[in-house]
Amino acid sequence: MSFKSGEPASNRSVSPSATVEERSRERDFLVFKPAETVDLSEAFFVSASYDGGRRAAFVKLYEPESKKIYFWYDNTGHKPYCLSDLPVEELRKIEPLVKHQGFDHLEEVTKVDSLRDKVLNMTKIVATDPLAIGGRPAGSIRDIIPKAWEADIRYYECFVYDRGLFPGMPYRVEGGSLVPVKPKLSEGVSKRLSEALASEPEEFGEFIRSLTDLFECRIPEFRRVALDIEVASDVPTRVPDPEGAEYPVVCATLLGSDGVRRILLLRREGVDSGPGFPEGVKVEFCDREVDLITEIFKALLDYPVVLTFNGDEFDLRYLYHRAEKRFKFAREQIPIELGKQFALLKYGVHIDLYKFFFNRSLQIYAFSQRYRENTLDAVGEALIGKAKIEFEGSLNDLAYSELAEYCYRDAEIAMELTTFDNDLVMKLILILTRISRMPMDDVCRQGVSSWIRSLMYYEHRLRNYLIPRSEDLLELKGMTSTEALIKGKKYKGAIVVEPRAGVHFNVSVLDFASLYPSIIKMYNLSYETVLCPHSDCRDNKVPDLPYWICKRRRGLSSLIIGAMRDLRVDWYKRVARDKSLPEPLRNLYNVVQLTLKVILNASYGVMGAEAFALYCPPVAEAVTAIGRYAFTKTIEKARSLGIEVVYGDTDSIFLEAPTAEQVDELVNWSREELRMELEIDKSYRYAAFPKLKKNYLGVYPDGTVDIKGMTGKKRNTPAFLQAAFMEMVRTLGEVQSPDDFEKARARIFDVVKTCYVKLKRREYPLEDLAFNIMISKPVEGYRKTTPQHVKAALLLQKSGIEVKPGDVISFVKVTSDLGVKPVRLTSSREVDVSKYMEYVQSTFEQVLDALGIDFKDIMGVTKLESFFGAG
DNA sequence: GCGGACTGCTTACCT
DNA sequence: ACAGGTAAGCAGTCCGCG
């Protein structure tokens, strides 16, 4: 497409000559007014919030036919409240309460106190608006009464829990009422499902059924738009400040899932047209920035889902302030709702993919650590193989088409991050929404502890359980009684077995299928069951801990985590692999099992995390104690069966050449004695262990190699060394029998020697020599020491390059005073060759150590330096 | 004044 | 703001060394 085919913004709605007031009035079409509730046959609950004007909770419903958002306002008269243990008469005497502006009325209620296992009479303090309960700096109801329960729950969440609504699920609107659409399971599926879970005890059955309703339900396609803006700025290395919003928005891309591909460009003096615009894109030139912004705002009022990468912090925030400060938009004319740390939309749902992909649990368990840096570039490259477009110098100097291309690519990456693998990300979000019972916007912005908190709160309300106050939980259950091995940690964790250093052939690795969730289920662990109030439970001891566990009642977290574990292991994991099922169904099942994995893997961790609302250290401590117990018993049993245990970590044990009978016997023993499922996870042709824990190399029968923990594989290791290391690994993959190691040794010698020679001759490009270390704090935050990567970062800053937490600092070791220098500021002759040689040696020694080869045997001398003569 | 032994900090990894 | 356990490399400190 040529430059000329660009056209001015269509539908320009504000005439250039109008006065400020006239323009403002003309802009009123941007004022968002939710349509009155209409009847709908099926629409998906995507979000909820509170409308201060109407004093009611509302729900955003996505209707997949029209692909629009509809608003449903609560018409059941639900009101905000909190709970008190004081009787109504007592509360009436508290004047500041009853005279409180937002006070509505008092109600007597009963609640189940699961901590003390009894029913309580309590008083519900009902208010007219959520801020009256809490949230005002002073004088909130929760601060007036001596002790308030359930006063920290956001109002719309409270509403969702009380009304038993399920975010993410379909509803119909009928005569103004919100009615769930019962999803229909196909007969085949429902039959197989009940067979698969037939052995479940009934106490789990009911909860499992409620979960399958959520998971088996279809997921709609979301009409969405990816938005990216570019802002001019005089300082090329600095991101413009979104609060000040001083610079003009010069370009924006609106890339819709519906085929819309628009690039909006601000016409400026002296800008070249450039080589050409991306194919099939509508390029629109705006003479005035305000028109460009108006076009973006129209899209924000049109699309039910808006995707950005860092829109919370930048794009939407910038647009908001730019519109308000520079163009005097009234708040109502801006379709964005700004919070301290997020930017939401008045009409649809804003998904900030930066926040989503930044989530550690998702990063590790859903995307298997495929990306590490949280930049659009890194995530895009890793997941969809698409990188940002690079350019030299300032964005201001780009020609129109270059700027457009750059901006367009970013939007493209954002969109494709939600479309790859059959819309995996959108589906993940929706399934998470259903599990956590949280609005979609919140799910994308919050961590796993919030998801689990929300799920737990919901189940409390469903059962009329009083949600315990954090301080009561801590006081009643106490802290921990074990000592961690690591300074600063709260309690003892897992066991790592000292490896039998050397090479072992035919190694089988057994592990417990989700050990911690299984323990939580089997041992009935939950905050209310550990150290329960019943004297007859006191003999039900946790091994090696002064704790007992309730025998009378099923703990709520045990029920929830146990059910999810079984559902994943016995149903979703299996059907996700079942080729006889239609592809779309299998795809859904895979998303479900992935999501369950994310939640389950974190379920133990949150119990020991202070930030978790139901934080209960003894529970976390009991989990690891039982884990250690099962683990050591299993190792003892294996050894008693005559099996050599060469290594083990937490829940996995490495057995040297066990017979099939031995493995069977161990697995059966575990099932019967421990009531835990032990299974073969993997088998190695051989495995090599250095003396170090959490370090090994395992070769599968087909020659592929597993490497764990070794320096050569770490991402901060210089590329040249990683490559040399991988070269050695390939050689080791070819080793079939002990005799083959001789050949491998010669090859390894070559690899190391080549490395050395190239270092010496300074033949490696500097980038290959760079250590890449992430800086986790602002540079000024390093008070106690100044690590090398921070030294390099300081040098970068001095040269005018901005360094932010999360940036990866690439630096080279040099001979000059500081010892390090950022790659981009270094020349090849400065490199400290002998330092690199030491590094080569230590990296290779890790593996050679395991193979029983001395480094000096390979090189003939102790140190590389002496091998080649003094450096 | 310098180097070894030590501790602590920081990062990246394993389960 | 899910947990604890392990390793590497370096920064910084203390102490001995007549």
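Chain naming here is simple, since letters A, B, ... match the order of the sequence lines and numbering starts at 1 in each. What you see below is based on every heavy atom in this structure, not just the backbone, and it leaves out hydrogens, waters and symmetry mates.
Here S842(A) reaches the OP1 or OP2 of dG9(C): one of its side-chain N or O atoms lies under 4.0 Å away. Distances shorter than 4.0 Å separate some side-chain N or O of S449(A) from OP1 or OP2 on dC2(C). For K791(A), a side-chain nitrogen or oxygen approaches OP1 or OP2 of dA11(C) to under 4.0 Å.
Summarising the geometry, the separation between CE on M607(A) and P on dA1(C) is reported as 19 Å, rounded to the nearest angstrom. Counting to the nearest Å, the C1' atom of dG5(C) and the CD atom of E483(A) are 15 Å from each other. Put simply, CD on E498(A) is 11 Å from C1' on dT6(C), counting in whole angstrom units. Distance I519(A) CD1 to dA3(C) C1': 13 Å, rounded to the nearest Å. Atom C1' of nucleotide dT7(B) and atom CD1 of I486(A) are separated by 16 Å, given to the nearest angstrom. When rounded to the nearest whole Å, the span between CZ of R628(A) and P of dG5(C) equals 8 Å. For the pair K597(A) NZ and dC2(C) C1', the computed distance is 16 Å after rounding to whole Å. Taking atom NZ on K490(A) and atom P on dG5(C), their separation rounds to 12 Å, with Å as the unit.
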Exercise. Just by protein heavy atoms under 4.0 Å, how would nucleotides 10-15 of chain B read 5' to 3' in B, S and -?
Worked result: SSBSBS
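Set against dC2(C), dA7(C), dG12(C), the side chain of K693(A) has dA7(C) as its closest nucleotide. Nearest to the side chain of Y604(A), among dA8(C), dG5(C), dA3(C), sits dA3(C).
Residue G493(A) is classed as a sugar-phosphate contact, given heavy-atom separations below 4.0 Å to backbone atoms only. Residue-level contact check: K813(A) touches the backbone only, with heavy atoms under 4.0 Å from sugar-phosphate atoms and none from bases. Residue contacts shown for A620(A) are absent, as no nucleic acid heavy atom lies under 4.0 Å away. Within 4.0 Å of Y491(A), counting heavy atoms only, lie sugar-phosphate atoms of the nucleic acid but no base atom. Across all strands, L485(A) comes closer than 4.0 Å only to sugar-phosphate atoms, never to a base (heavy-atom distances). Heavy atoms of T624(A) sit nowhere under 4.0 angstrom from any nucleic acid atom.
Cation-pi geometry between K813(A) and F771(A) is satisfied (NZ or CZ under 6.0 Å from the ring centre, within 45° of the ring normal). Note that K713(A) lies outside the cation-pi zone of F725(A), set by a 6.0 Å cut-off to the ring centre and a 45° limit from the axis.
Of the charged side-chain nitrogens involved, none lies within less than 4.0 Å of a carboxylate oxygen, so that D442(A) and R445(A) do not count as a salt-bridged pair. A salt bridge links K521(A) with D566(A): at least one charged nitrogen is closer than 4.0 Å to a carboxylate oxygen. A salt bridge links R500(A) with E644(A); the closest basic N to acidic carboxylate O contact falls under 4.0 Å.
Comparing I495(A) and A611(A) along DNA chain C, the residue whose closest nucleotide (by nearest heavy atom) sits nearer the 5' end is A611(A).
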Review item, side-chain donor-acceptor pairs of residues 353-361 of chain A, under 3.5 Å, at least two apart:
from	atom 1	to	atom 2	distance (Å)
K355(A)	NZ	D312(A)	OD2	2.8
K355(A)	NZ	Q341(A)	O	2.9
N359(A)	OD1	S361(A)	N	3.0
N359(A)	OD1	L362(A)	N	3.3
N359(A)	ND2	Q446(A)	O	3.4

For this session: Would you check, one step at a time, whether the test salt bridge (Lys or Arg N to Asp or Glu O under 4.0 Å) holds for E459(A) with R437(A)?
Result: CA-CA 10 Å; E459(A) 296 298 328; R437(A) 297 97 205 265; 2.7 Å; yes
For this session: Evaluate side chain to side chain donor-acceptor pair (under 3.5 Å) for D651(A) paired with Y516(A), printing each intermediate quantity in order.
Result: CA-CA 9 Å; D651(A) 62 352; Y516(A) 288 172; over 6 Å; no
